[in-house]
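What follows is one structure encoded as structure tokens, with my remarks underneath.
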Amino acid sequence: PDFTLPSMTEVYTPLSLRSFQGEYVLLSFWAAYDARSRERNVQLNRAVAQMEKPIKMVSISFDEYRSVFCETIQRDQLNPSICWVDVHGQNSPIYKRYRLNRGFKNFLLDPQGVIIAKNVDAEELASLTSGR
């Protein structure tokens with residue numbers, strides 16, 4: 001489902017999932033308090049940065065405090081231009097729409113916006129996109 005999030009700072013534009021139509025997108029949901037999702041997000045971020053084929057990564061945190069989010073992306077050395085935070089946390093419509101109450105997930109979307117993989121790791125991401 002499409003969604004829009006405001007930007008973290010004035011430098012970056014708001015996020016609209018629809019704006020990535022025509023591209024492969026890795027949508028990664030996580031939170032600083034959830035070590036497993038945070039670690040997976042860092043690994044995927046690094047994998048996407050090293051890939052030959054272009055994939056856009058959209059990294060969305062559900063930390064309720066922007067300060068925690070900002071400190072986490074700095075500590076994890078993430079590219080802030082691909083990171084957004086939804087400070088509504090578990091009350092976020094995005095959180096509910098993607099059913100994240102069952103655990104944080106990631107989704108690989110094809111250029112038409114169709115989910116082609118779910119909960120991929122860095123190795124799977126490379127193999128899923130190598131033939132495309």
Whether Asp121 and Arg40 form a salt bridge (side-chain N of Lys/Arg under 4.0 Å from carboxylate O of Asp/Glu) is what I want to check. no

Checking the side chain of [X] only, and the main-chain atoms of [Y] only, is there a donor and an acceptor separated by less than 3.5 Å?
| X | Y | answer |
| --- | --- | --- |
| Asp86 | Ser92 | no |
| Ser61 | Val85 | no |
| Asp110 | Gln112 | yes |
| Lys56 | Pro54 | no |
| Asp2 | Leu17 | yes |
| Asp63 | Ala32 | yes |
| Asn45 | Leu78 | no |

Other residues, nucleotides, ligands: >12 heavy atoms within 6.0 Å of Tyr65 OH: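 12 or below, so no.
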
Which heavy atom of [X] sits nearest to which heavy atom of [Y], and what is that distance?
| X | Y | result |
| --- | --- | --- |
| Ser37 | Asp34 | N-OD1, 2.7 Å |
| Gln43 | Ala122 | O-CB, 4.2 Å |
| Asn41 | Met57 | OD1-CE, 3.3 Å |
| Glu23 | Ser19 | OE2-O, 4.4 Å |

Once the angle between the rings of Phe29 and Phe3 is folded into 0 to 90°, is it parallel (under 30°), tilted (30 to 60°) or perpendicular (over 60°)? tilted

Assign the ring pair Tyr98 / Phe107 to parallel, tilted or perpendicular, where the plane angle (0 to 90°) is split at 30° and 60°. tilted

To the closest 0.5 Å, what do you measure between CG (Leu109) and OH (Tyr24)?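 Between atom CG of Leu109 and atom OH of Tyr24 there are 11.0 Å.
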
Please report the interatomic distance CG(Asp76) to OG(Ser59), rounded to the nearest 0.5 Å. 9.5 Å

Are [X] and [Y] packed together at the side-chain level, in the sense that at least one heavy-atom pair is separated by less than 4.5 angstrom?
| X | Y | result |
| --- | --- | --- |
| Asn106 | Leu44 | yes |
| Leu15 | Val58 | yes |
| Tyr95 | Phe104 | yes |
| Glu71 | Arg66 | no |
| Gln90 | Asn101 | no |
| Glu124 | Leu108 | no |
| Val68 | Tyr33 | no |
| Leu26 | Val48 | yes |

Using the rule that Ile, Leu, Val, Met, Phe, Trp and Tyr join whenever any side-chain heavy atoms are under 4.5 Å apart, tell me whether [X] and [Y] fall into a single cluster.
| X | Y | answer |
| --- | --- | --- |
| Ile115 | Leu27 | yes |
| Ile73 | Val87 | yes |
| Leu5 | Phe20 | yes |

Tell me which pairs pass salt bridge (Lys or Arg N to Asp or Glu O under 4.0 Å) where either residue lies in residues 91-103, with sequence neighbours left out. none

